[in-house]
Amino acid sequence: MAVFTETDAFLAALPPSGALAGLDLGEKTVGVAVSDLRRLVATPLETVKRKKFTLDAARLLDIAKARGLAGFVLGLPLNMDGSEGPRCQSTRAFARNLSALTELPIGFWDERLSTVAAERALLDFDTSRAKRAEVIDHVAAGFILQGFLDRLAVMRR
């Protein structure tokens, strides 16, 4: 399929319903969250330990197949001033490579401060340091996906 840089084009490529996956790409892990079928609520799912692209992609595609996903939303790690740096280039390359392996549409969502928000939420729940380290990536993916879903809800009105 294709990688969409514009939200409107990504939305046009998505079927009217079906769950989406939110991905928080890190150097060592990929946080994964999924939405409900109506695309209202994001739920953190798991953290995939990165090995090499083919293995990482295979795990993500297994999740997509098992959950009948309609598309992927990748967190785009923009700089605080909105510019793109090397991490954005890496995320875009990951998306291009993943798109060669699946028909599912792939879009991006600004992930600035998603990890900070996830950390705060886990601290609010008095989560231990060890547990925070274990779940932070997929909780951050949940924040990324929820941000996209909230924008989608506004656009529907």
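These values consider heavy atoms only, across backbone and side chains, with no hydrogens, waters or symmetry-generated copies. In this text, all values refer to a predicted model and were calculated from it rather than measured experimentally.
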Any non-hydrogen side-chain atom of [X] less than 4.5 Å from a side-chain atom of [Y]?
X	Y	answer
Val48	His138	no
Leu152	Leu11	yes
Val30	Arg59	no
Ser35	Leu40	no

Is it true that a side-chain atom of [X] and a backbone atom of [Y] form a donor plus acceptor pair closer than 3.5 Å?
X	Y	answer
Asn97	Phe53	no
Arg39	Ser17	yes
Thr102	Leu104	yes
Glu111	Ala141	no
Asp24	Ala140	no

Self-check item: side chain to side chain contact (heavy atoms under 4.5 Å, CB included) between Leu145 and Trp109, intermediate numbers included
Solution: CA-CA 8 Å; Leu145 183 55; Trp109 189 252; over 6 Å; no
Quiz item: Salt bridge check: are Glu27 and Arg87 linked by an N-O gap of less than 4.0 Å?
Solution: no
Practice problem: I would like to know whether Phe4 and Leu14 meet side chain to side chain contact (heavy atoms under 4.5 Å, CB included); could you show each step before the answer? | Solution: CA-CA 11 Å; Phe4 298 92; Leu14 288 171; over 6 Å; no
Inter-residue atom distance [X].[atom1] - [Y].[atom2], 0.5 Å rounding:
X	Y	atom1	atom2	result
Leu149	Ile144	CG	CD1	12.0 Å
Thr91	Leu25	OG1	CG	5.0 Å
Phe94	Leu23	CZ	CG	6.5 Å

For residues 62-70, run the donor-acceptor check on the side chains, cut-off 3.5 Å, and write out each pair with its distance to 0.1 Å, sequence neighbours left out.
none

Exercise. Run the numbers on Phe148 and Phe143 for ring pair (Phe, Tyr, Trp, His ring centres under 6.0 Å), then give the verdict.
Key: CA-CA 9 Å; Phe148 177 81; Phe143 275 91; over 10 Å; no
Self-check item: Minimum-distance pair of heavy atoms, taken over all atoms of Phe72 and Leu60
Solution: CZ-O, 4.0 Å
Self-check item: Residues that Ala95 engages under side chain to side chain contact (heavy atoms under 4.5 Å, CB included), provided they are two or more places apart
Solution: Val3, Leu74, Ile106, Phe108
Self-check item: Qualifying residues under side chain to side chain contact (heavy atoms under 4.5 Å, CB included), relative to Ala153, sequence neighbours excluded
Solution: none
